[in-house]
Amino acid sequence: MLYREAGQFKASYKADQQIFPIRQDRIAIGLILAFFYLVVPFIADQYWLQAIIIPVLIFSLAAIGLNILTGYAGQLSLGSAAFMAVGAFGAYNFMLRVPGMPILAAFVLGGLCAAAVGILFGLPSLRIKGFYLAVATLAAQFFIVWALTKFGWFSNNSSSGVITAQKVEILGYTFASPRSKYLITLVVVTLLALAAKNMARSTVGRAWMAVRDMDVAAEVIGIRLMRTKLMAFAMSSFYCGVAGALYAYTYLGTVEPEGFNLDLSFRILFMIIIGGVGTVLGSFLGAAFIVLLPIGLDNLLPVLFGNVLPTGITSNLQLIVFGGLIIFFLIVEPHGLARLWQIGKEKLRLWPFPH
Amino acid sequence: MKLTKTALIGLGIAGALGASPVLAADQYVGMPSYRVGPYAAGGSGIFGGMIDYFQMINARDGGVNGVKLTWEECETEYNNARGVECYERMKKNGPTGNTVFHPLSTGITYSVIDRATADRIPVISVGYGRTDASDGRVFPYIFPLITNYWSQNTVKIKFIGMKEGGMDKLKGKKIVNLYHDSAYGKETIPVLDVQAKMYGFTVTHLAVAHPGNEQQSQWLQIRQIKPDWVILRGWGVMNPTALKTAAKVGFPRNKVLGVWWSGAEEDVIPAGSAATGYIAAGFNVSGTNYPVMKDIQKYVVAKGKSNMEDKSRVGSAYYNRGVVHGILTVEAIRNAQEKFGKGKSITGEQMRWGIENLDLDDKKIKALGATGFLPPLHVSCSNHEGSGLVKFQRWDGKQWKVITDWIQSDQKIVRPMVEESAAKYAKEKGLKLRDCSKEG
């Protein structure tokens with residue numbers, strides 16, 4: 001009833017092509033943004049900001065990055081965590097070695113480092129596809145973590161290879177409190193998510209999707225494969241790189257190369273599979289699902305079974321329930337949580353007369 | 001509301017009966033445990049030991065000066081992000097917030113250093129974590145107690161010197177450092193290089209990629225080098241694999257020297273007979289033949305209250321390491337109570353004082369029933385390590401046998417390196433050093 005487009009006429013191409021064509025969507029997005037910008041900083045306590053919302057936002061950004069590559073351009077990658085590491089170490093080194101480096105510029109430069117490395121490891125995609133490409137990106141995962149540990153220069157010769165993020169300071173204001181860290185993360189994530197949404201609708205995004213659906217056909221209609229694929233790798237790695245820089249600067253503070261291991265790459269991959277491959281919304285839903293569900297279970301299960309079962313078993317039970325839920329969601333909706341929303345949206349638009 | 005009411009009624013009844021106040025104070029310790037995943041053996045053993053020690057203190061002494069210890073577990077899966085979530089979740093719990101945080105993972109330790117310092121919650125990392133945090137002037141809230149990796153390493157070279165018949169005999173010897181290719185594994189490379197130059201032995205660093213279940217090429221290389229000793233700096237599955245591969249290439253296991261994360265029952269039993277004769281360092285020992293362990297058996301295990309699902313692990317290296325964690329925590333709480341009020345719950349900041357002024361001499365350790373179980377410890381404002389003593393144990397095929405007394409580390413090498421590294425950190429972060437002469 002509320003969600004009906006009747007009366008919303010599009011009189012110009014501009015109106016037809018806008019990012020959210022339905023008025024209710026625009027209002028909803030506006031309300032959500034207002035909620036996160038104006039309400040959350042005041043109602044959320046330190047725990048929620050630092051342990052829940054900031055990581056969800058950062059992982060959403062990384063998931064958008066992987067979604068660009070896997071969801072839109074159809075190139076499977078298992079190196080997302082490594083590209084995050086490049087971004088984190090890149091930003092750290094720019095801050096360390098360039099005096100007076102503005103932090104946001106360091107984030108961008110860290111992202112660009114990741115993009116460069118991404119292009120390098122994207123080269124095999126010109127020749128190989130599918131699972132074989134996944135194995136090639138796996139090499140990126142291991143090589144980058146190895147290189148960051150092996151060469152002391154990257155970590156300013158710290159004996160253990162660990163870096164400690166410098167202060168986050170913009171125009172003399174230090175972002176030290178959880179609230180300010182949350183806001184800076186939110187600004188970066190919103191801007192990049194909006195950019196991704198737009199990119200997906202533009203020439204670049206359409207070219208990606210054409211390559212994903214059938215690369216020979218795409219080539220025949222005049223899309224340059226090399227440029228498109230490498231562009232996808234660069235963009236995806238840029239997003240992951242910025243996410244990595246945020247991970248170091250606004251979330252953990254101190255990071256080690258080992259933290260960006262294959263396990264994290266898989267988690268990001270699961271985020272887009274659960275959330276929805278090829279959607280920006282899915283990246284957020286998937287990240288929230290993968291980050292929040294284990295924490296929720298860890299809170300819930302000991303309350304339910306704490307007196308009956310030993311802690312070792314409740315810990316294992318969490319993993320079992322978590323795995324079971326993933327399988328359940330994949331069976332019920334193989335296209336991810338974002339697809340559920342899409343179906344719901346279709347139904348709402350037709351309601352109450354579905355036929 | 002209801003609870004308060006009940007408590008008030010309870011207090012009223014107690015007062016009416018003329019009994020002593022029943023509202024006992026609590027001391028809360030949040031535990032970021034990991035009982036699943038590849039490192040579950042360590043997590044369940046160490047946290048199990050710590051919980052059993054707390055239970056024993058509550059049952060035998062009624063807590064610390066009447067303050068009952070309470071705890072809560074939070075599963076981290078050995079994952080940094082989950083560890084941070086646990087830290088944030090538990091920091092405000094209990095009457096005075098989390099008293100002390102034992103990350104039990106080098107990665108999580110790194111991730112909470114800034115947070116814990118800002119929240120004034122001390123972090124104890126016994127035998128792991130950030131080595132240069134031993135400089136308490138830069139890291140007021142971080143305590144890598146007993147021994148850090150660098151100290152341990154100097155002790156290992158000392159032990160090799162003892163076996164070879166004197167430190168001067170090290171000249172011309174060949175040592176291979178087989179390390180887990182991670183932040184943890186790399187940590188001792190600089191100190192080994194310094195020592196190699198000092199004593200005139202050659203050291204070759206060989207990396208093993210995580211998780212380390214394939215080491216054929218490294219051990220073939222070792223066979224070519226023909227070293228006098230191999231230092232095994234492993235973790236998890238890398239340890240039994242190293243021992244098995246050493247046996248396969250015919251390298252004598254009694255010349256393999258493990259660090260303490262390579263020295264638990266779980267590291268040698270999977271290697272079977274290949275592990276016999278292998279020597280590992282430790283800041284605690286295995287076995288139950290200590291009064292403190294007897295008390296745990298009596299008050300906790302025999303009553304069926306032990307946290308361990310597998311009771312045979314009581315007395316294993318990991319379990320006993322957990323008991324050491326428990327002893328350090330309880331004694332620091334006791335110490336803080338002496339200063340800030342007996343029988344009261346102490347805050348994180350007071351706990352920090354308690355740890356920083358912890359002085360466990362032989363007499364106190366004897367009173368705890370732990371002579372030989374853990375080394376004497378004297379923490380101070382500048383020295384957050386406090387001891388630097390290490391023992392060695394040999395695996396005889398069935399159990400760990402202690403083969404040395406506590407061996408002192410070489411602080412002449414370690415301390416300047418710690419201070420240099422800490423000063424670099426302080427400079428990067430723009431921190432001001434604490435003046436230890438002004439600390440009370």
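Side chains included, hydrogens not; waters and symmetry mates left out as well; all remaining heavy atoms used. Order of the sequence lines sets the chain letters (A, B, ...), proteins ahead of strands, with each chain counted from 1.
- In terms of non-hydrogen atom pairs under 4.5 Å with chain A, the most contact-rich of B:Arg89, B:Met417, B:Lys186, B:Arg115 is B:Arg89.
- Residue B:Asp114 holds its CG atom at 11.5 Å from NZ of A:Lys167, rounded to the nearest 0.5 Å.
- For a residue to count as touching a neighbouring chain, one of its non-hydrogen atoms must lie under 4.5 Å from one of that chain's; by this rule B:Glu309 touches chain A with the side chain only.
- The contact between A:Tyr251 and chain B is made by backbone and side chain atoms together, counting heavy-atom distances below 4.5 Å.
- The line from CD1 of A:Ile295 to SG of B:Cys74 is 8.5 Å long, rounded to the nearest 0.5 Å.
- Between the side chain of B:Asn80 and the backbone N or O of A:Gly259, no donor-acceptor pair lies under 3.5 Å.
- Ranked by heavy-atom pairs under 4.5 Å with chain B, the list A:Pro55, A:Ala176, A:Pro294 is led by A:Pro294.
- Taking CG of A:Asn316 as the reference point, atom CD of B:Glu75 lies at 8.0 Å (rounded to 0.5 Å).
- For a residue to count as touching a neighbouring chain, one of its non-hydrogen atoms must lie under 4.5 Å from one of that chain's; by this rule A:Glu256 touches chain B with the side chain only.
- Side-chain polar atoms of B:Tyr184 and A:Glu258 form no donor-acceptor pair below 3.5 angstrom.
- The structure places CD of B:Glu85 at 3.5 Å from OH of A:Tyr47, a figure rounded to the nearest 0.5 Å.
- Only the side chain of B:Asp119 has a heavy atom closer than 4.5 Å to any heavy atom of chain A.
- Note that CZ of B:Arg35 and CD1 of A:Ile313 are 10.5 Å apart. Values are rounded to the nearest 0.5 Å.
- Here the CG atom belonging to A:Asp298 is positioned 8.5 Å from the CD atom belonging to B:Glu77, to the nearest 0.5 angstrom.
- None of B:Val84, B:Ile113, B:Ile108 except one satisfies the side chain to side chain contact (heavy atoms under 4.5 Å, CB included) rule with A:Leu252; the exception is B:Val84.
- Atom CD of B:Glu420 has 12 or fewer neighbouring heavy atoms from other residues, nucleotides or ligands inside a 6.0 Å radius.
- In this structure the side chain of A:Val291 never reaches within 4.5 angstrom of the side chain of B:Arg82, judged on heavy atoms.
- Of the atoms belonging to A:Gln46, heavy atoms from both backbone and side chain fall under 4.5 Å from chain B.
- Proximity to chain A involves both the backbone and the side chain of B:Ser111, based on heavy atoms less than 4.5 angstrom apart.
- Using a 4.5 Å cut-off between heavy atoms, B:Tyr425 contacts chain A through its side chain alone, with no backbone atom that close.
- For chain B, the nearby parts of A:Asn156 are the backbone and the side chain; heavy atoms of each come within less than 4.5 Å.
- In this structure, chain B has a heavy atom under 4.5 Å from the side chain of A:Trp146, while its backbone stays farther away.
- By the 4.5 Å heavy-atom criterion applied to side chains, A:Gln166 and B:Lys429 are not counted as neighbours.
- Side-chain N or O atoms of A:Lys150 include none that pairs as donor or acceptor with a backbone N or O of B:Asp181 at under 3.5 Å.
- Heavy atoms of B:Asp132 lying under 4.5 Å from chain A are absent altogether.
- Classification of B:Lys92 and A:Asp45 as a salt-bridged pair fails, no side-chain N sitting under 4.0 Å from a carboxylate O.
- Only the side chain of B:Glu73 comes within contact range of chain A, with heavy atoms under 4.5 Å apart.
- Atom NZ of B:Lys305 is surrounded by 12 or fewer heavy atoms from other residues, nucleotides or ligands within 6.0 Å.
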